[in-house]
Number of protein chains: 2
Amino acid sequence: MSLACETCPVRDSAACAVLSEDERAELAKAGRTRRLKRGELLFAAGDEDTACATLISGALKVTSFAEDGSERILALIHPSGFVGEMFAPFASYDVVALTDSQLCVFAKADMNRALERHPALTRALLRRSQEDLHRAHMLLALGSGMGASDKVGKLLMALAQAASESPCHPRLNFQLPLTRGEMASMLGLTIETVSRALTALERDGLIKREGARGIEIIEPARLELLD
Amino acid sequence: MSLACETCPVRDSAACAVLSEDERAELAKAGRTRRLKRGELLFAAGDEDTACATLISGALKVTSFAEDGSERILALIHPSGFVGEMFAPFASYDVVALTDSQLCVFAKADMNRALERHPALTRALLRRSQEDLHRAHMLLALGSGMGASDKVGKLLMALAQAASESPCHPRLNFQLPLTRGEMASMLGLTIETVSRALTALERDGLIKREGARGIEIIEPARLELLD
DNA sequence: CGTGGGTTTGATGGAGCTCAAGGCACGTGG
DNA sequence: CCACGTGCCTTGAGCTCCATCAAACCCACG
């Protein structure tokens, strides 16, 4: 399926928003939209002919695997986010859809051509890359210095942020895009510990659960925001 | 002190290497070299008028502080590395010299002007930024799924890589740029645990220590490389 | 010689990992 | 419609590893 930038919900927030209409139309010729169902693989670690993509809707996870086969989640990608290692000869990570997703895919060569042609696009990606770096640092900062339920609480706040349309205030009521195992793999904990942490947070009245995935945040302040 | 690019040891590996002689000369007019002694602060979290810099020699650490005041190391910067949040209104991290260092500092405004003028420079920074991201991911992957001495072992391998001139093979014999506390803060451990892990690694014959800072790696294979 | 920063070592307790069992929701086939 | 299987989540019990507290050491430096 070819692109339909006119109706794209992230046309003003994605990297390509810095382009003029004409430039965008030209870039669009090189890209294709793609739909993924939950669990589908977008890029696989080791792929040589890698591509890159802007996420239109849904959510992705970027994962690597330890030698023992256990998965580690390195990053989440939300709509208008960009994913792809533009300069590596092959992909280092798996990228998998967390929910049904829709994205806009470009071959690496095409994107590189576009970067050469449109400096503003390069700068937009640089900005995004630095934001990604900042998020990775936030995740790193979660690694130490506190108990499991603090970590889970902060992760919930981060997810609440991401689920919100408004960039400043979290959404107090949302569905988790992650399984317990995925949360565990972001935080360096086990499934059981995450589960226990959630019940503890609920017991203490900081959150309320609706089924396995629904979360309502009761006391945002005490969950201490993640930046 | 003004710049002396002609004799700069990282003139071929730093971001500015993509510039022509003339372009570099022009950029040089905007920059100044600066020397830091071990422990000196380069940028402080919260600074509004931030700058950015290329490291010429020495080593830097990028740190953030938890609410309880404990430091967390988010990244290390080695010669030819670039540091600075080009797009943030103020700095989020402290940047501190780990050893006596020499760098090449630019005001953010000047650097932004240079980015507009020289697309190739922007692309060089984008590449660097993605590498930084990759390193952050490696550090994240250290967070889970193994014991303390595995973490310390892998950190040693990463430091051995960084200490080496050759990009592919680690240096088996080097001085740690980090104190025990700094290693601990990279790994989410305590000083004591790091110390014990080192003595365990030495007892098992994987490494040998020369004083508090000297490290010789005996069995690189068993320390399992960090990427 | 004393002081202080960094390091090592020991003893102890607790947070979280492991192993194991059970529950709930959902889909599939009889 | 029910029986069954499969994923995912929860809960429990025991044990391991690491954080914590405490003390001593080493060494550079004034």
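Just so we're on the same page: letters track the sequence lines, and every chain starts at 1.
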Testing the basics here: between A:L156 and A:I217, what is the closest heavy-atom pair and its distance to 0.1 Å?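 In this case the closest contact between A:L156 and A:I217 is O-CD1, 4.3 Å.
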Looking at every non-hydrogen atom in both residues, tell me the closest pair between B:S101 and B:A59 and how far apart they are. OG-N, 3.2 Å
Evaluate whether atom [atom1] of [X] has more than 12 neighbouring non-hydrogen atoms of other residues, nucleotides or ligands under 6.0 angstrom away.
X     : atom1 : value
B:D49 : CG    : no
A:F90 : CZ    : no
B:E48 : CD    : no

Roughly how many Å is it from CG in B:D150 to C1' in D:dC17, rounded to a whole number?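 B:D150 atom CG is separated from D:dC17 atom C1' by 12 Å.
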Expected string for nucleotides 7-13 of chain D under the B/S/- scheme (protein heavy atoms, under 4.0 Å, primed atoms plus P, OP1, OP2 as sugar-phosphate) is --SBBBB
Can you give me the first and the last nucleotide of DNA chain C (5' to 3') that has an atom within less than 4.0 angstrom of a non-hydrogen atom in chain B? C:dT7 to C:dA11
Side chain to side chain contact (heavy atoms under 4.5 Å, CB included) partner of [X], the single match among [options]:
X      : options                    : answer
B:V96  : B:L60, B:L41, B:L36, B:L42 : B:L41
A:Y93  : A:T63, A:V62, A:I73, A:V83 : A:V62
B:T190 : B:T193, B:V194, B:L187     : B:T193

When we call it a touch if two heavy atoms are under 4.0 Å apart, what does A:G188 touch: a base, just sugar-phosphate, or nothing?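 Sugar-phosphate only.
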Rounded to the nearest 0.5 Å, how far does CG of B:L198 lie from CG of B:L206?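 That separation rounds to 11.0 Å.
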Using a cutoff of under 3.5 Å, can you pull out all pairs of nitrogen or oxygen atoms linking the protein to nucleotides 27-30 of chain D, with atom names and distances?
none

Heavy atoms, side chains only, cut-off 4.5 Å: are A:F43 and A:T50 in contact?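 Answer no - side chains too far apart.
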